[in-house]
Amino acid sequence: MDAHLRELYQEIILDHSRHPRHFGTLTDANHRADGFNPLCGDKVSIYLKVNGEDRIEDIAFEGKGCAISVASASLMSEMLKGRKVDEAETLMGGFLELVKGGEGADLSDDDREYLEAMAGVSAFPMRVKSATLAWHAMKSALEGDGTAKTE
Amino acid sequence: MDAHLRELYQEIILDHSRHPRHFGTLTDANHRADGFNPLCGDKVSIYLKVNGEDRIEDIAFEGKGCAISVASASLMSEMLKGRKVDEAETLMGGFLELVKGGEGADLSDDDREYLEAMAGVSAFPMRVKSATLAWHAMKSALEGDGTAKTE
Amino acid sequence: MSALSLKPHLYDVEAIRQDFPILAREVHGRPLVYLDNAASAQKPKQVMNKITDFVTTEYSNVHRGVHFLSAAATDRYEAARGRVKTFLNAAHEDEIVWTRGGTEAINLVASSFLSPRLEPGDEIVLSVMEHHSNIVPWHFLRERQGASLRWVDVSDDGELDPEDVARAIGPNTKFVAITHMSNVLGTHTALKEIVRIAHERGIPVLADGCQASVHGKVDVRDLDVDFYVMTGHKLYGPTGIGVLYARKAHLKAMRPYQGGGEMIREVTKANVTYAEPPMRFEAGTPPIIEAVGLAAALDYLDSIGRDAAAAHENALARRAEAKLKALNGVRLIGEARDKGPIVSFETIGIHAHDLATILDREGVAVRAGHHCAQVLMERCGVVATARASFGLYNTEAEVDALVDAVQIARKVFA
Amino acid sequence: MSALSLKPHLYDVEAIRQDFPILAREVHGRPLVYLDNAASAQKPKQVMNKITDFVTTEYSNVHRGVHFLSAAATDRYEAARGRVKTFLNAAHEDEIVWTRGGTEAINLVASSFLSPRLEPGDEIVLSVMEHHSNIVPWHFLRERQGASLRWVDVSDDGELDPEDVARAIGPNTKFVAITHMSNVLGTHTALKEIVRIAHERGIPVLADGCQASVHGKVDVRDLDVDFYVMTGHKLYGPTGIGVLYARKAHLKAMRPYQGGGEMIREVTKANVTYAEPPMRFEAGTPPIIEAVGLAAALDYLDSIGRDAAAAHENALARRAEAKLKALNGVRLIGEARDKGPIVSFETIGIHAHDLATILDREGVAVRAGHHCAQVLMERCGVVATARASFGLYNTEAEVDALVDAVQIARKVFA
Ligand SMILES: Cc1ncc(COP(=O)(O)O)c(C=O)c1O
Ligand SMILES: Cc1ncc(COP(=O)(O)O)c(C=O)c1O
């Protein structure tokens, strides 16, 4: 097995894909969005509870997808829980950079280290959309006006 | 100028194209049809007066077209005037053979000689439709039920 | 020359592979194992040479020209139409309409044949294993004209019972659109029987032959089908071209599809009249080079022998199925008795996209996804499958490479 | 190497001709003089080599695949879209829709943009010098939806006054469809001015750029046009491909054109949702090889220099016009001030088809007929014209061969 593949399917990715964190729904979510990749049929739904101070108090996701998309959603949920909304947006920018082969210069060292597990995707351009699906859904959820996408 | 071309535009063809015989309409026609070549825009209208004995008593044509199509219509009008309808059909068969490079075996020697002026077209496949336009219109005129296409 | 070529009865796959230069390439340092033929086939040298030769010696626009090159190009182009007529055993050349692909051919029938005949509430019968190209044009008629779609199910093995088509046809049925071979399950449908059943009830049938036409002979007169669809790029020919076969009587009764040059009789400011079929349906400059290329591809396919190629491909597919089934945790999707060289499968615990990514690193190209058959995915209860599909140039060694690569994937995910 | 190549400012037509092997052939024992470029252009080696190279090393179906070849082919295919974007100076790649030709591009706009917005009595403004491809799709809307066509005349010289467009636009006008360059008269229209006039009145404009895009730079943003149409085979590229440029906002508001794979978001038994533009309008397997070939053709054209090529071609056309006019009994059809390299003419007493037949025997390929512009023929009071149209590889000697051949024809008919 080649090195790129080993990096892509490293232990932490496989672990998150087998045991996704925060998998399920939130009954008290006030933000919600669905992501869908029409090319492969992968789906993800993101549930957020954002409090009055713009902090993501709780997060959950569910869906069907490949190891990359599930692991990415799971890693994301771990990172974002407890963060402020604007931090989440910075993290997303850094993440998108990393999976496209960039540096993620705006990320803190800790965050970069954590997200680097996903950087292996950059060698697999056809899989980048799998990695970004959950993040794009998260962005839609945050940008939703809190009504249409709220449950 | 090459030999094929000289044969195509031989004097008799040029003469018929410049001075078409029976050019015009027939006020007492009882068969009529229009021919149209959508590829080049050539048009011909054929007027026939067929008497009770199925003989083509009179014939006329009008239209716009290239030298080949006008000469062919003019030659046709000369040949058909006075012929029986079934003879006209045989002549058409022979003519179609000749312009496609065949022998015209069913034609009488006189008719073959007369029509052979058009045989030069067979070396110009893209022009065969010009030569056959009037003949096809004549056929439609004869096959018309004598009402719809009669004036 | 390989030793095999001394034995004329044998299928000389090594010699065939020489015709496809791309097969000699490597991918990620491994020999390419191209098993994505149902998506698109590679092109033999014979096709590319014919295209280059045509462009280099006889190219011009067709039909309207008097000059030599225009006559030559028109001859080549119309001869290609004749070639397709023979390939399908159609009765007349003017029953062959060029399109830009299989998808356009189906849209043409939906729009020019069915749409003007349709009243709200009229029904179109189709199977759950259709490709999107044989679903969405009918959904258009539902959205825009109030037609309703009646779906014929398949068995868990992926078989389609012609009696289920009979049952789906009701008093309001106006059309049956059915695949001749599923691009996911590999199922060959009993098309002749389906046509018989539909015709008994006076209903015309369109068959999507985009896959079936690649794997064995097709005889549209024997099938008695009203419309038959093929696509060039799966037939070892160029992209940008497809074929609609339609009975003359249907074509004559159909309204034009696109408007433009070539398809008219006369255009004035006030009015327009249309040319006879097939030109009525071929607006604008047609795919001239592609038609010449497709004819060369059909020549190539027939030089190998369509039945011989199909036998070879099917043997590879059956070998792949047997070996994959022998692995734990692999589930075949589609086990019809009459099945072509398409093998869809699921690897328990490994999503098709992850599998395909790992296979790719081993040089093995398979397709992963819904294969433009979401209705079927839903029916089978999966989001995506992996699909290995075989062409006339594949080998037993490539089957084994596929199976080895699947085992590597299982180790990654162990 | 010819002496000319020592002078870099000069247009080295002899070197260019080496790129087109077909130009070296003979016809009826005479060197080919190909002056039918407005019907279709010949293809340079560079295009054919790129196509063969692509097919030999990177071919696969696009978009849906995970494997290496699919990724490579998708990259090449989408890069071709980017190439077209640059060629037209469009703002976004997703404003470029692939079609099977110029004709399909216009039909797409008629059907997906205008048709759903149209009420009976609504008017479409177009000029009398449109090609059938920019007439018949609008006649469809007249036949099927009761639209009415308003025709803008041209002057006897073949000029189109933008003020006449202004006058044709009334309260019921919904659309303007106008050529950017006539394929018969060679007239360049004042497109930017026409768009300005139409936009002042809130009316969108489609420009048929099938001819104009071949002869000089086009900047869709500067023109501010809503829709712009090109066709590959006239641009020294393959058949089977064309381009629709459309503003993003229009594309987003348009309904799908054909239904099939790639253009959907999700398909169920009950429903279908559609992909974003441009994919919404690209059902089925697209013209992948043709897109790669067209990009190579655009590279080729830009390597020569579009303005340099146009200057060369126009000089040839003006030379031809001067020489033909000097003959007795030749009438030019189309003498607009702003005119491209298309020369239509009538030879008094010789029908265009007879003329073209005689010219062909001299090796000179011209088009004779109505050039898919019957409305214009009517306006000009002719049934057919002969048309010599120049490409970037034509020479002064070829102009002279044309004129000599016309004189031979006059002798035949003397
Ligand atoms: C069964 C089937 N029908 C239709 C199509 C559509 O063909 P195309 O994409 O070439 O238009 C395909 C392939 O994509 C297919 O497999
Ligand atoms: C001005 C003009 N518009 C449209 C077309 C149609 O292009 P195509 O036949 O490639 O679809 C042509 C050429 O035939 C043309 O010259």
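Please read these numbers as outputs of a predicted model, since none were measured by experiment. In what follows, chains are A, B, ... by sequence order, proteins preceding strands, each numbered from 1. These values consider heavy atoms only, across backbone and side chains, with no hydrogens, waters or symmetry-generated copies.
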**Request:** Kindly compute the distance separating OG1 (T268(C)) from CH2 (W151(D)), expressed to the nearest 0.5 Å.
**Result:** 8.0 Å
**Asked** Do I288(D) and H233(C) come close enough that some side-chain heavy atom pair is under 4.5 Å?
**Response** no
**Request:** Quick one: which of G369(D), A283(D), G101(D) has the most heavy-atom pairs under 4.5 Å with chain C, could you say?
**Result:** A283(D)
**Item:** Derivation and outcome, side-chain contact (heavy atoms from CB on, under 4.5 Å), residues L108(C) and Q258(D)
**Value:** CA-CA 9 Å; L108(C) 198 165; Q258(D) 295 178 344; over 6 Å; no
**Message:** What part of P256(D) gets within 4.5 angstrom of chain C, counting heavy atoms only: side chain, backbone, both, or neither?
**Reply:** both
**Message:** Report which part of Y257(D) has an atom under 4.5 Å of a heavy atom belonging to chain C: side chain, backbone, both, or neither.
**Reply:** both
**Item:** Part of A270(D) lying under 4.5 Å from any heavy atom of chain C
**Value:** backbone
**Considering all heavy atoms, the nearest G261(D)-C372(C) contact** = CA-SG, 3.8 Å
**Prompt:** Under 4.5 Å, heavy atom to heavy atom, which residues of residues 55-63 of chain D contact chain C?
**Reply:** V55(D), T56(D), T57(D), E58(D), Y59(D), S60(D), N61(D), V62(D)
**Request:** Select one option (side chain, backbone, both, neither) describing which atoms of E143(D) are under 4.5 Å from chain C's heavy atoms.
**Result:** side chain
**Asked** Quick one: what part of H28(D) sits under 4.5 Å from any heavy atom of chain C, side chain, backbone, both or neither?
**Response** side chain
**Request:** Tell me, for I264(D) versus chain C, whether the close heavy atoms (under 4.5 Å) come from the side chain, the backbone, both or neither.
**Result:** side chain
**Prompt:** In terms of heavy-atom pairs under 4.5 Å with chain D, which of L126(C), L149(C), L69(C), I135(C) leads?
**Reply:** L69(C)
**Asked** Just checking, any donor-acceptor pair under 3.5 angstrom between side chains of Q374(C) and R265(D)?
**Response** no
**Message:** Shorter than 4.5 Å, heavy atoms on both sides: which option in H131(C), H353(C), H370(C), E104(C) has the most such pairs with chain D?
**Reply:** E104(C)
**Under 4.5 Å from any heavy atom of chain C - which part of I289(D)** = both
**Complete:** Applying a strict 4.5 Å limit to non-hydrogen atoms, the region of N134(D) in contact with chain C is neither
**Prompt:** Below 4.5 Å, heavy atoms only, C-beta onward: do H67(D) and R367(C) meet side chain to side chain?
**Reply:** yes
**Message:** Please list all pairs meeting salt bridge (charged side-chain N to carboxylate O under 4.0 Å, His left out) that have one or both residues in residues 128-137 of chain D, counting only residues at least two apart or in different chains.
**Reply:** none
**Request:** Measure distances from A24(D) to the heavy atoms of chain C and classify the residue's part below 4.5 Å as side chain, backbone, both or neither.
**Result:** neither
**Item:** R379(D) versus chain C, the contacting section by heavy-atom distance below 4.5 Å
**Value:** neither
**Prompt:** Should the heavy atoms of other residues, nucleotides or ligands under 6.0 Å from CD of E378(D) be counted, would the total exceed 12?
**Reply:** no
**Request:** Taking the side chain as every heavy atom from C-beta outward, state whether T52(C) and K43(D) have any pair of such atoms under 4.5 Å apart.
**Result:** no
**Message:** Could you go through E262(D) and H132(C), starting from their C-alpha distance and side-chain angles, then the distance that decides it, and tell me whether this counts as side-chain contact (heavy atoms from CB on, under 4.5 Å)?
**Reply:** CA-CA 9 Å; E262(D) 309 281 8; H132(C) 289 166; over 6 Å; no
**Prompt:** If you round to the nearest 0.5 Å, how far is NE2 of H139(C) from CG of N271(D)?
**Reply:** 6.5 Å
**Message:** Need one label for L32(D): side chain, backbone, both or neither, based on atoms under 4.5 Å from any heavy atom in chain C.
**Reply:** side chain
**Message:** Holding to side-chain contact (heavy atoms from CB on, under 4.5 Å), I want the full list of residues that pass it with A71(C), two or more places apart in sequence or in another chain.
**Reply:** M126(B)
**Prompt:** Hey, mind stepping through F68(C) and R25(D) against side-chain contact (heavy atoms from CB on, under 4.5 Å) and telling me if it holds?
**Reply:** CA-CA 12 Å; F68(C) 178 89; R25(D) 75 160 283 165; 3.1 Å; yes
**Request:** Measure distances from T285(D) to the heavy atoms of chain C and classify the residue's part below 4.5 Å as side chain, backbone, both or neither.
**Result:** both
**Message:** Can you tell me which portion of R361(D) sits under 4.5 Å from chain C's heavy atoms? Options are side chain, backbone, both or neither.
**Reply:** neither
**Asked** Is any side-chain heavy atom of V366(C) less than 4.5 Å from a side-chain heavy atom of V66(D)?
**Response** no
**Fill in**
Given P287(D), G284(D), A352(D), S133(D), the one with more heavy-atom pairs under 4.5 angstrom with chain C than any other is S133(D)
**Message:** Let me confirm one number: the NZ-CZ distance from K269(D) to R142(C), rounded to the nearest 0.5 Å.
**Reply:** 14.0 Å
**Asked** Does any heavy atom of chain C fall under 4.5 Å from the side chain of E290(D), the backbone, both, or neither of them?
**Response** both
**Prompt:** Who passes side-chain contact (heavy atoms from CB on, under 4.5 Å) against A38(C), sequence neighbours left out?
**Reply:** Q211(C), I342(C), R387(C), S389(C)
